[in-house]
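Encoded as structure tokens, the structure appears first; notes follow it.
Chain A is the first sequence line, chain B the second, and so forth, proteins listed ahead of strands; every chain is numbered from 1. The shown structure was predicted, so the numbers you read here are calculated from the model rather than taken from an experiment.
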Protein chains: 2
Amino acid sequence: MNEIKKMLDNENIKPTYERLSILQYLEKNHNHPTVAMIYEELVKKIPTISKTTVYNSLNLFMEKGIVAPLYITGSEVRYDLSTSQHHHFLCEQCGKIYDLTIDCPYLNKNTIEGHQIKQKHGYFRGICKSCLEKDKSQK
Amino acid sequence: MNEIKKMLDNENIKPTYERLSILQYLEKNHNHPTVAMIYEELVKKIPTISKTTVYNSLNLFMEKGIVAPLYITGSEVRYDLSTSQHHHFLCEQCGKIYDLTIDCPYLNKNTIEGHQIKQKHGYFRGICKSCLEKDKSQK
DNA sequence: TTCATATTTGAACTCATTACAAATATTAAA
DNA sequence: TTTAATATTTGTAATGAGTTCAAATATGAA
Ligand SMILES: [Mn+2]
Ligand SMILES: [Mn+2]
Ligand SMILES: [Zn+2]
Ligand SMILES: [Zn+2]
């Protein structure tokens, strides 16, 4: 909770209960959630919270760079805390998004072929380890 | 035109005029277009063509693996001919998507941390070389 | 308290994509 | 060539994620 408040303070974002809750959700759940997932969970605790507030807050966090969007599925944005750079794996079967801890020679570059880099994204799609094992045992 | 017909034949896709035109557009324009861009261009030549046909055809091409979707912008899908694997750069200022010819140590892998890989995506966002130069001269 | 400002809320709206059924084209019997 | 079965295209309606916007609420200073 303290870490989270610091992140907001650093960016001069007023730490409202809603914003803190959203950021707290992202810190506790490393599941790269959708807006719907965040909202469905938070509304249990904050029955009055609005989906628009979730959108507003996440957009603000993205502008300030403390949250990063993942455009992977093609249907809706997934959100990730902007901690250290890492790659992702999307399972086409169960929909889960995994963090990958692989080396990438471009993570510390800030320019490429003359273009100025602001964000780097590396991701893979396929069938995850867990789904592969499930499929094998069922066959 | 012959190359294109072969691609469809290889996948047992009936080479209709609409499908050929869509694939031909992708072969001639390496601009990673949206459905709207493809439609707007083709409707000049084929006034009866439907946007749904563009969607249907591209979805079919993707299933067969001859076209690859790019989920980069977050707002709409961009399409690319599935030629050799390559990375992309999206300019946040002009919206253009560039092909990058950079080396990547993961392009020939088909499994990672136990997950089975079907698709690999690497892309960068920022300000493109052309926009940087324009900005500098205007300042 | 009073006023100004920031934040939240909910409803209306936008827009990309999909669903679906009717229209049209194609192909294979008969 | 007709006829019937199948594939493809088309247009409209529906879906759903995300945005817009104005009203409601909260915050904080004067
Ligand atoms: Mn992650
Ligand atoms: Mn490309
Ligand atoms: Zn899985
Ligand atoms: Zn540019």
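Cluster note: B/Leu132 groups with B/Ile127 through ILVMFWY side-chain heavy atoms spaced under 4.5 Å, whether in direct contact or through intervening members. Grouping Ile, Leu, Val, Met, Phe, Trp and Tyr residues whose side-chain heavy atoms lie under 4.5 Å apart, directly or via other members, leaves B/Leu107 alone, with no other cluster members.
Residues satisfying the ring pair (Phe, Tyr, Trp, His ring centres under 6.0 Å) criterion with A/His86, sequence neighbours excluded, are A/His88. Qualifying ring pair (Phe, Tyr, Trp, His ring centres under 6.0 Å) partners for B/His121, counting only residues two or more places apart in sequence or in other chains: A/Tyr123. Residues passing the ring pair (Phe, Tyr, Trp, His ring centres under 6.0 Å) test with B/Phe124, sequence neighbours excluded: none. Remark: A/Thr52 pairs with A/Ser50, A/Asn56 by the side-chain contact (heavy atoms from CB on, under 4.5 Å) rule, at least two apart or across chains. For A/Lys45, there are no side chain to side chain donor-acceptor pair (under 3.5 Å) partners at least two apart in sequence or on another chain.
With rounding to whole Å, A/Phe61 atom CZ is found 12 Å from C/dT7 atom C1'.
Sorted pairs that involve residues 35-81 of chain B and meet ring-ring contact (aromatic ring centres under 6.0 Å, His included), not counting sequence neighbours, are lacking altogether.
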Expected list for residues 110-118 of chain A: side-chain donor-acceptor pairs under 3.5 angstrom, two or more places apart:
| unit_1 | atom_1 | unit_2 | atom_2 | d |
| --- | --- | --- | --- | --- |
| A/Thr111 | OG1 | A/His115 | O | 3.1 |
| A/Glu113 | OE2 | B/Thr101 | N | 3.2 |
| A/Glu113 | OE2 | B/Thr101 | OG1 | 3.4 |
| A/His115 | ND1 | B/Lys129 | N | 2.8 |

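Remark: B/Asp103 CG is loosely packed, at most 12 non-hydrogen atoms of other residues, nucleotides or ligands lying under 6.0 Å away.
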Checklist entry - When every nucleotide of nucleotides 8-20 of chain C is labelled 5' to 3' by its protein contacts under 4.0 Å (heavy atoms), B for base, S for sugar-phosphate only, - for none, what sequence of letters results? => result SBBB----SBBB-
Next on the checklist: Treating primed atoms plus P, OP1 and OP2 as sugar-phosphate and everything else as base, which nucleotides of nucleotides 22-30 of chain D get B, S or - for protein heavy atoms under 4.0 Å?
Outcome noted: ---------
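Within the helix from C/dT1-D/dA30 to C/dA30-D/dT1, the inter-axis angle between the opening and closing five-pair segments is 10°, rounded to 10°.
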